[in-house]
Amino acid sequence: MERTTLFHIFAAVLFLYNLPACLSRTSPNITTDQSALLALKSSVTLPPDHILVNNWTTTTPSSVCDWVGVTCGKLHGRVAALDLSNMGIIGTIPPHLGNLSFLVLLNITNNGFHGDLPEELVNIRRLQYMDVQFNKFSGQIPQWFGGFPNLVYLNVGNNSFSDSIPQDFGNLQKLKVLNMKFNQFTGFIPRIIFNMSLLELLNLKGNSLSGNLPANMCNHLPNLKFLDLSLNELEGQFPPGLQECSNLQVLSLLHNQFMGHIPSEIGNLTMLEKLYLGFNSLEGEIPNEFTNLVNLEILDLQSANLTGCIPSFLFNMSSLQWIELPYNNFFGSLPMNICPRPLLRVLVMAGNKVSGNIPTEIGNCTALTVIDLHENNFTGTIPEEFATIGYIAPEYGHEGLVSTNCDIYSFGIMMMEIFTRKKPTDEMFTSDLSLKRWVSEALVNGVTQAIDSRLIRQEEEHYFAEASCVSSIFELALNCTEESPENRINIKDALALLQKIRLEFQAKLSEN
Ligand SMILES: *[C@@H]1O[C@H](CO)[C@@H](O)[C@H](O)[C@H]1NC(C)=O
Ligand SMILES: *[C@@H]1O[C@H](CO)[C@@H](O)[C@H](O)[C@H]1NC(C)=O
Ligand SMILES: *[C@@H]1O[C@H](CO)[C@@H](O)[C@H](O)[C@H]1NC(C)=O
Ligand SMILES: *[C@@H]1O[C@H](CO)[C@@H](O)[C@H](O)[C@H]1NC(C)=O
Ligand SMILES: *[C@@H]1O[C@H](CO)[C@@H](O)[C@H](O)[C@H]1NC(C)=O
Ligand SMILES: *[C@@H]1O[C@H](CO)[C@@H](O)[C@H](O)[C@H]1NC(C)=O
Ligand SMILES: *[C@@H]1O[C@H](CO)[C@@H](O)[C@H](O)[C@H]1NC(C)=O
Ligand SMILES: *[C@@H]1O[C@H](CO)[C@@H](O)[C@H](O)[C@H]1NC(C)=O
Ligand SMILES: *[C@@H]1O[C@H](CO)[C@@H](O)[C@H](O)[C@H]1NC(C)=O
Ligand SMILES: *[C@@H]1O[C@H](CO)[C@@H](O)[C@H](O)[C@H]1NC(C)=O
Ligand SMILES: *[C@@H]1O[C@H](CO)[C@@H](O)[C@H](O)[C@H]1NC(C)=O
Ligand SMILES: *[C@@H]1O[C@H](CO)[C@@H](O)[C@H](O)[C@H]1NC(C)=O
């Protein structure tokens, strides 16, 4: 007899021998699910008035399927979804949860779960959505995480996972969303992630990942729409082959240690809406191929050591609303026809070497809410049209862009410039009479002497309302420009105050 046949017989005998045990073994049912959920309940601490305390009980004849956060499948009647998001639950995940064999969705986002995720979870073969964002899980991402054959969505963002992501983590060929932002991951990005060919979102922002990005990392990611690798320690050149991520809409590589030129292939990513490459040590110019980015809305290249003439096509791109190029080495001048389309909302070019006049056509930029051109080499006067555009958009603060005292300072100076129509470098300011001092003296001696006479006239019927409004703005501007940063108002309060000044002004006008 051949060894293989013998082997088969041997196996068959073993099978028959076990058969009675198999037949008598109970298959899991909804009772299994109930004990899994009760195990979860007893591994967490709940305040006495927490909804789960009296809801997740077996004392009422109701089924597990009626428990809050639990959804059962229509056909099999087993627990298919567990959504405990935003429930203020503190505790750990017991291994029993792995018995929820019909679970498709597990959402425990925004709670106080801690410890590690038990390996038994990988028994949930049907799991498609796993959202554990905003908890306090810690430890390494274990290798078994790659064992969910049906996982489509994995979000472990804003936890305290650490160590390197295992290089063979993730045989997750169905994954579309992988979000691991704001943890403490170190080491290289596992190459296998770039092989998850259905991936649409990859967010690894805010870790300590290092190393280069692999060449042709986009070759297997044709569906990728969102890629955020910002706030890491990645280095080297931008990899070749980025044009293969042809569906990319958002690309953020901010705050890394990338170097070299911006690849012209980025100009082939015509779906791109938001591009953030700032805070890297790049060189060279903005590629001309960027003119092809017809869907681009936000371009952020701040503090990136770039150079070259400010390309005039930037101002004529069909969707571009947000141009942020401060602290580079750009030169040249602003185009005469600065807003051929009125889309531009944010223009920040501080800290470059841009020269020439600020074109009066700036008045064509009717959507402009933030403009910051300080620390350049502009000549001439600030155009009157400057005063007709807004000052700062509320969302600007939310983006965290004007979060430093340095910016609040220039904001204060800008407010003074607008209402006095003077620049700090104006001829009338001899050595010790600065624009700031002039404004603060004017506040004592009568604000009208500092205000541009074209903005406010004594004989106007709204004179008092206007004068008091401008006084308030000057007071705010002086606070913004306090020598010592800790004496300056913060941007949030400044915006709130500006808003209040505006409302008071409107109220006074309607009184008249
Ligand atoms: C589930 O299985 C257990 C053990 O086999 C049995 O006692 C129980 O009655 C079953 N429950 C349901 C709801 O079928
Ligand atoms: C638990 O909460 C659900 C949803 O709010 C409700 O339908 C159910 O009746 C509650 N069950 C108990 C036992 O309170
Ligand atoms: C469920 O899982 C736990 C721990 O993983 C295990 O002890 C238990 O026997 C399992 N089965 C049932 C039916 O609860
Ligand atoms: C989890 O719940 C949160 C809050 O309800 C929700 O925003 C998020 O989309 C849910 N995640 C999944 C994968 O459904
Ligand atoms: C996520 O973590 C980041 C970095 O620590 C933090 O800035 C952000 O506020 C967190 N988000 C939430 C909703 O807690
Ligand atoms: C990625 O996939 C390709 C082809 O599907 C394969 O040749 C390559 O070895 C894979 N790379 C990794 C790191 O798994
Ligand atoms: C990339 O864009 C250039 C024009 O800027 C074009 O000549 C080239 O064919 C494009 N490449 C791909 C792969 O689309
Ligand atoms: C900035 O770019 C120049 C070349 O344009 C290069 O010489 C210099 O080293 C770069 N600086 C940094 C900090 O990368
Ligand atoms: C802006 O672009 C359009 C084509 O998109 C072109 O016809 C027009 O001349 C350009 N205007 C300027 C000022 O460059
Ligand atoms: C732009 O401004 C100039 C001069 O201020 C004006 O002549 C021109 O009509 C404006 N263009 C548009 C499109 O508003
Ligand atoms: C700034 O402008 C002045 C006056 O036009 C010129 O002399 C100087 O060279 C310029 N500086 C730079 C850095 O372009
Ligand atoms: C500026 O305003 C902030 C907040 O209102 C205040 O705390 C601070 O004392 C002010 N500074 C001065 C010099 O008035």
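Each ligand, and each atom within it, is numbered from 1 in the order the structure gives.
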Under the side chain to side chain donor-acceptor pair (under 3.5 Å) test, which residues partner S85, sequence neighbours left out? D83
Please output the side-chain donor-acceptor pairs of residues 223-230 that fall under 3.5 Å, not counting sequence neighbours, one pair per line with the distance.
unit_1	atom_1	unit_2	atom_2	d
N223	ND2	S197	O	3.0
D228	OD1	S230	N	2.9
D228	OD1	S230	OG	2.6

Is there side-chain contact between L231 and K181, with at least one heavy-atom pair below 4.5 Å? no
Are F145 and L151 packed together at the side-chain level, in the sense that at least one heavy-atom pair is separated by less than 4.5 angstrom? no
Is any side-chain heavy atom of F258 less than 4.5 Å from a side-chain heavy atom of L277? no
Enumerated ligand 4 atoms positioned under 4.0 Å from heavy atoms of Y153: 13 (C)
I'd like to check V44 versus N111 (side-chain heavy atoms, cut-off strictly below 4.5 Å). Are they in contact? no
Purely on distance, is any nitrogen or oxygen of N107 under 3.5 Å from one on ligand 4? yes
As an exercise, identify every atom of ligand 4 less than 4.0 angstrom from a heavy atom of N86. 4 (C), 5 (O)
Should you measure from each heavy atom of T109, which atoms of ligand 4 turn up under 4.0 Å away? 1 (C), 2 (O), 3 (C)
Close N/O pairs between ligand 3 and protein, under 3.5 Å:
unit_1	atom_1	unit_2	atom_2	d
ligand 3	2 (O)	N99	OD1	3.1
ligand 3	2 (O)	N99	ND2	2.5
ligand 3	11 (N)	N99	ND2	2.9
ligand 3	14 (O)	N99	ND2	3.2

Parallel, tilted or perpendicular, as decided by the 30° and 60° cut-offs, for the rings of F137 and F161: parallel
Review item, side-chain donor-acceptor pairs of residues 100-110, under 3.5 Å, at least two apart:
unit_1	atom_1	unit_2	atom_2	d
S101	OG	R78	NH2	3.2
N107	OD1	T109	N	3.1
T109	OG1	Q133	O	2.9
N110	ND2	N86	OD1	2.9

Can you list the ligand 5 atoms lying under 4.0 Å from a non-hydrogen atom of N158? 1 (C), 2 (O), 3 (C), 8 (C), 10 (C), 11 (N), 12 (C), 14 (O)
Quick check: D131 and ligand 4, any N/O pair under 3.5 Å apart? yes
For the 3.5 Å polar cut-off, considering only N or O atoms, please tell me whether S85 and ligand 4 meet it. yes
Considering all heavy atoms, the nearest L320-L343 contact: O-CB, 3.8 Å
